[in-house]
Amino acid sequence: MSDLVYKRKICRLCNSPDLVLALPLKASALADEFLPKEMLHKEQPTYPLDLFLCKKCGFSQLVDIVIPKAIYIDYMYETVSSLGLVEHFKRYAKEIVTELSLGKDDLVVDIGSNDGSLLRAFKSNGTKVLGVDPAREIAKKATESGIETLPDFFTLELAQKITQSHGKANVITANNIYANVDELEPLTLAIRELLADDGVFVFESFYTLEWIKNMVFDFMYHEHLSYFSVKPVQEFFDRLGMELVDVWPIPTKGGSIRCFIQKKNGKRKIKPSVEKYIADEKAFKLHDLETYKKFENEINIRKQAVLDYINPLLASGKTIAGFGASATTTTLMYHFELEGKITFIADDYKVKQNTFSPGHHIPVLPPEAIYEKNPDYIFIFAWRYTDPIVAKHQKFLDQGGKFIVPLPNLKIIEK
């Protein structure tokens, strides 16, 4: 095993050692490590990508952990690169300010604040803001843009320093980052330390029940260590002297939840939403191993359908390009065994252009390359954004090209 990865032996939420393999996926390179040409000599090993289920509390999680410094210090991803996410954060900030009645003296701290998109929205709604993010260059850019961002990992020591310099936080947010932290207990205790007595911790993450229902298995990669559901989350916070008081459904990331947590015996009453989610999970059998085995079978059925369609195309001399160079692309590429089948990947995000995909080193090019190289087919890796991609590239269809949409079920789009 590489010195960049270690294996977790107990459940991340309840500390039980009773973990069982639930969903095996093909090992892959780090999902978002797209390389510039001058770095193509860099070794990009693959790491296990298997999901385990805790038989005690029902929490699903990765146990092969790539050390955070290998992923985040020189992180490439920025919020602005995800279609619709900035607009989502604008709505999010307004909803939280309204729901929690925040004012100009209230401090919002965002953990994993990235380019400051969410905090910029909070600031425009009148609150004080502070970001924390270990990605040095992104944190520096955010600070220069007017969103003070500490370039560091969030720890108990940092929470104490922030308390001294900025005071307690009325709201602490962690969006699509709480799932990325291995040691959740010390992180949560640090959050509790920084949180005002009547404050609220709000985290958003993709929701395991919707993840399975909507076939968004490609959201499984090494950054995403935790696959949250409400029952084990409620038990986890209760053990740490906090309580889950509300859960909202959120449409992002193929189906997410927004969880509101306060210190135990806080002023807010627990909403009926918490018990409703727990009842829905029980009805779905979300915490049963058999549910994951069925999911694995459904994934492999779709994989075979894709390969049965594209292999004859390639054998007849047809060419296939890809669209969408995101972390989810890497999971799809490896698990569907598409190495050597895709000539290039088009992407709108300029930072990704003229780089090479993790491990397989497929070139990532601007969308104009579609019309310069004229592939016969485009495999839409960013399949959740099929409609805007196809709408933007009607010309490709007009010229006789076809789109391959792999999920949630194989679909071919042609004129």
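Basis for what follows: all heavy atoms, side chains included, without hydrogens, waters or symmetry-related copies.
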Distance flag, aromatic centroids of F206 and H224, threshold under 6.0 Å:
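Between H224 and F206, the centre distance is under 6.0 Å.
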If we count only N and O atoms by modelled type, under 3.5 Å, do the side chains of E281 and Y207 hold a donor and an acceptor together?
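E281 vs Y207: donor-acceptor pair found between side chains.
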Can E95 and R258 be counted as an ion pair, charged N to O under 4.0 angstrom?
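Looking at R258 together with E95, the answer is yes, because their closest N to O distance falls below 4.0 Å.
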Between D32 and K352 (salt bridge meaning N to carboxylate O under 4.0 Å), is one present in this structure?
yes
Tell me, please, whether F201 has R192 positioned over its six-membered ring: NZ or CZ under 6.0 Å from the ring centre and within 45 degrees of its axis?
no
Under the criterion ring-ring contact (aromatic ring centres under 6.0 Å, His included), which of Y292, F295, F336 is the partner of F217?
F336
Please say which of F219, F59, F236 ends up in a ring-ring contact (aromatic ring centres under 6.0 Å, His included) with F228.
F59
Mutual orientation of the aromatic rings belonging to [X] and [Y] [parallel < 30°, tilted 30-60°, perpendicular > 60°]:
{"X": "Y92", "Y": "H88", "answer": "perpendicular"}
{"X": "W248", "Y": "F260", "answer": "tilted"}
{"X": "W211", "Y": "Y227", "answer": "tilted"}

Does NZ belonging to K293 count more than 12 external heavy atoms closer than 6.0 Å?
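Atom NZ in K293 is packed in, count exceeds 12.
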Ignoring hydrogens, what is the shortest heavy-atom contact between C54 and S16? Give both atom names and the distance.
SG-CB, 4.0 Å
